[in-house]
Amino acid sequence: CTRVVRLAAGSRHVVQMEAPTASEQNSAVMVLFCGDAPLATSSGSSSGSGNPYPHKEEVTLSLLAQLIREPAFTTLRTRGQLGYIVSAFEMALGGGRGGTVGCIGLKVLSKTHAPAAVETKALDFLATFSDRYLQLKEEETAAEEGGEGTEKGAAEGTNDDDDDDDDADAGVVGITAGEFAKAKAALSAKLLQPPKRLANESAQWWGEVQFGDEQWGRYEHLAEALESVSLGDVRDLYRRLVLDPATRRHFSAHVHCRKH
């Protein structure tokens, strides 16, 4: 039996442990931010408020996970060189029947950085993610800036790749309305895609049986709720989950190899 504990608002918990074998050369870090309330069930919102889109927060979390995945990899893995494995993910904790809590997290496997250093870099990225990536950018502005950048690069012809990376890190990347719509469409298609293997179908539905939720139309309801999700909804969820010290529930696990 797995025991699940709901973290208090504004709390931070760190679990530290040694790698299971002395020969392990990598350390690992998982940083997790847990939701403040159970995800809604198909019969209505978890708070009983009559939310017309009872699955909206659940699918907003999925959309957030999709939007953060690539910037996290690019910033922490490609540029930061923290480790071979860097990924952002969503997960659900709890026991069904409206008791499931959604979480967003990062995990890193690193041979070169100790867990404390990895978490510091991860938190630095998370602190600026909303301001850099969850801001609406006008389609015309994006096109103009792209053209100006091309002309400037051709005229000067002296900028190296490192300078370009530094400039990209310093500014606001933003997302256009078209890009946001494309991200929603991709998530909707993923939700509605039928399982291709028996194992996938079993994994998809076993939770409904195990926890007694029996939400056989869950993915159709999620796709329907996704239509009403705005970029502001994603920013608001991110603020509550990750940025606001009063509401976030922060859990970290550090696994140390012998040299760290």
Side-chain angles (χ1 to χ4, degrees), residues 33-42 44-47 49-75 86-92 100-106 125-126 128-143 145-146 168 171-196 200-201 203-205 207-208 213 215-244:
F33 291 89
C34 302
D36 57 355
L39 295 172
T41 65
S42 59
S45 68
S46 58
S47 62
S49 61
N51 180 358
Y53 298 103
H55 285 284
K56 185 172 181 177
E57 180 141 325
E58 182 177 353
V59 79
T60 302
L61 181 66
S62 296
L63 184 57
L64 170 59
Q66 180 168 303
L67 292 172
I68 200 173
R69 214 164 265 134
E70 184 177 342
F73 184 87
T74 300
T75 302
V86 174
S87 65
F89 62 94
E90 62 170 317
M91 66 184 300
T100 302
V101 173
C103 309
I104 192 82
L106 292 171
F125 163 75
L126 292 171
T128 61
F129 171 73
S130 182
D131 286 342
R132 294 198 62 225
Y133 292 94
L134 298 182
Q135 303 301 319
L136 188 62
K137 191 174 185 178
E138 295 293 337
E139 303 277 358
E140 294 80 3
T141 302
E145 289 181 355
V172 175
V173 178
I175 184 171
T176 66
E179 290 168 341
F180 185 66
K182 186 177 179 180
K184 289 176 63 174
L187 178 57
S188 181
K190 181 179 178 181
L191 289 168
L192 297 176
Q193 182 179 25
K196 295 182 178 179
N200 299 134
E201 186 171 12
Q204 185 177 35
W205 298 119
E208 308 296 332
D213 284 341
Q215 297 183 44
W216 310 118
R218 176 188 298 272
Y219 297 97
E220 289 80 4
H221 294 153
L222 287 169
E224 180 182 359
L226 178 61
E227 296 177 7
S228 70
V229 176
S230 67
L231 186 60
D233 293 326
V234 179
R235 280 198 304 267
D236 181 65
L237 178 63
Y238 189 80
R239 176 188 57 78
R240 289 187 284 114
L241 279 180
V242 179
L243 298 180
D244 191 339

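Quick caveat, the model's predicted, so the values are computed rather than measured. Numbers here simply count residues along the sequence, with the first being 1. The figures here come from the full heavy-atom set of this structure, side chains too, leaving out hydrogens, waters and symmetry mates.
Using a 4.5 Å heavy-atom cutoff, the side chains of Tyr133 and Thr75 are in contact. Inter-residue side-chain proximity for Leu136 and Phe180 is flagged as unmet; no heavy-atom pair is nearer than 4.5 Å. Under the 4.5 Å side-chain criterion, counting only non-hydrogen atoms from C-beta, Phe33 is in contact with Leu126. Under the 4.5 Å side-chain criterion, counting only non-hydrogen atoms from C-beta, Ile104 is not in contact with Leu237. Within the 4.5 Å cutoff, no side-chain heavy atoms of Arg239 are placed close to those of Ser130.
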message = One pair to check against side chain to side chain contact (heavy atoms under 4.5 Å, CB included): Glu90 and Leu64. What are the steps and the verdict?
response = CA-CA 9 Å; Glu90 62 170 317; Leu64 170 59; over 6 Å; no
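Contact between Leu241 and Gly35 at its shortest, heavy atoms only, is CD2-CA, 3.4 Å. Closest heavy-atom contact between Ala88 and Leu106: CB-CD2, 3.6 Å.
Rounding to the nearest 0.5 Å places CG of Asp236 at 11.5 Å from CG of Leu134. The CG atom of Leu61 lies 11.0 Å from the CE atom of Met91; values are rounded to the nearest 0.5 Å. Atom CZ of Arg235 sits about 9.5 Å away from atom CG of Asp131, to the nearest 0.5 Å.
Put simply, the side chain of Gln66 gets close to the backbone of Ala183: a donor and an acceptor are under 3.5 Å apart.
For Ser230 and Asp233, the side-chain atoms include at least one donor-acceptor pair closer than 3.5 Å.
For CD of Gln135, the number of neighbouring non-hydrogen atoms (other residues, nucleotides, ligands) closer than 6.0 Å is greater than 12.
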